[in-house]
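For reference, the structure discussed in these notes is given below.
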Amino acid sequence: MTKFRHLIWMMIAAGGLVLSAPQSQAQTRQPDVGDQPGLIADDSVELDPQFKKTAVLYRTNEAPGTIIVVTAERHLYLIQGNGRALRYGIGVGREGFTWQGLVNITRKAEWPDWTPPPEMIARQPYLPRFMAGGPGNPLGARAMYLGTTVYRIHGTNRPDTIGTAVSSGCFRLVNADVADLYERVPVGTKVIIRQKPEL
């Protein structure tokens with residue numbers, strides 16, 4: 001079944017890329033470096049030490065289990081309590097696509113399918129309209145959906161983009177880290193997105 005699903009995914013990806021090629025060549029805008037459907041993640045990419053998962057001291061009044069995303073730092077914190085947190089390196093929204101707020105994880109998915117929202121298709125018409133979950137999917141190994149927004153905390157097929165600002169507003173982690181986070185947080189988890197660290 002897994003081989004069949006991957007075969008279907010490859011056929012959809014190939015068809016989407018072939019069909020979108022003339023469109024993308026007609027566009028004056030270059031494809032977003034952060035969205036490369038069909039690219040298989042290079043797991044040998046070595047993260048900068050500051051973006052590797054690590055336990056850190058973190059002072060907050062938030063309850064253990066809360067996720068705090070600090071986009072300016074390119075870090076996601078999972079609060080552990082007693083002044084500690086797990087810190088993960090992330091990729092964040094590019095200029096004009098950063099946001100802040102309070103949401104909850106409303107859904108979780110393993111190897112999620114990707115259906116770019118209409119707003120994203122309007123900006124990047126070369127993207128496929130649908131892509132089945134798998135190693136070449138830009139959402140990576142896991143996704144946690146944020147409230148009623150189009151945004152997610154997800155994996156990536158571009159580990160080299162961790163620590164950068166290239167997404168359309170989602171928060172991406174390397175696949176090993178997103179799988180680790182996925183196992184630690186349930187649906188309903190409180191997620192705080194901040195532009196800057198709390199003072």
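Hydrogens, waters and symmetry mates play no part in the numbers below; they use all other heavy atoms, side chains included. Given the structure is predicted, the values throughout are model-derived calculations rather than measurements. For this chain, numbers begin at 1 and follow the sequence in order.
When only modelled atom types and interatomic distance are considered, R129 and T115 share no side-chain donor-acceptor pair under 3.5 Å. A donor-acceptor pair shorter than 3.5 Å cannot be found between the side chains of T164 and R94.
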Walk me through it: do R194 and E73 pass the test salt bridge (Lys or Arg N to Asp or Glu O under 4.0 Å)? CA-CA 10 Å; R194 295 185 177 134; E73 289 182 4; over 6 Å; no
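Applying the side chain to side chain contact (heavy atoms under 4.5 Å, CB included) rule to D48 yields the partners Q50, F51; only residues at least two apart in sequence or on another chain are considered. Residues passing the side chain to side chain contact (heavy atoms under 4.5 Å, CB included) test with R184 are K53, L78, L86, Y88, D180, sequence neighbours excluded. With sequence neighbours left out, the side chain to side chain contact (heavy atoms under 4.5 Å, CB included) criterion links L102 to K190, I192. For T71, the side chain to side chain donor-acceptor pair (under 3.5 Å) test picks out Q195, with sequence neighbours left out. Residues satisfying the side chain to side chain contact (heavy atoms under 4.5 Å, CB included) test with A109, not counting sequence neighbours, are R107, P112, Y145. Partners of Y58 by side chain to side chain donor-acceptor pair (under 3.5 Å), not counting sequence neighbours: none found.
A salt bridge is absent between K108 and E183; no separation between the charged side-chain nitrogens and carboxylate oxygens falls under 4.0 Å.
Closest of all the heavy-atom pairs between V174 and T156 is CA-CG2, 4.3 Å. In plain terms, the two heavy atoms of I162 and I90 that are nearest each other are CG2-N, 3.7 Å. Taking every heavy atom of both residues into account, P197 and V70 meet most closely at N-CG1, 3.6 Å. Among all heavy-atom pairs drawn from F97 and S167, the shortest one is CB-O, 4.0 Å. For the residue pair S168 and M120, the shortest heavy atom distance occurs at OG-CE, 3.6 Å.
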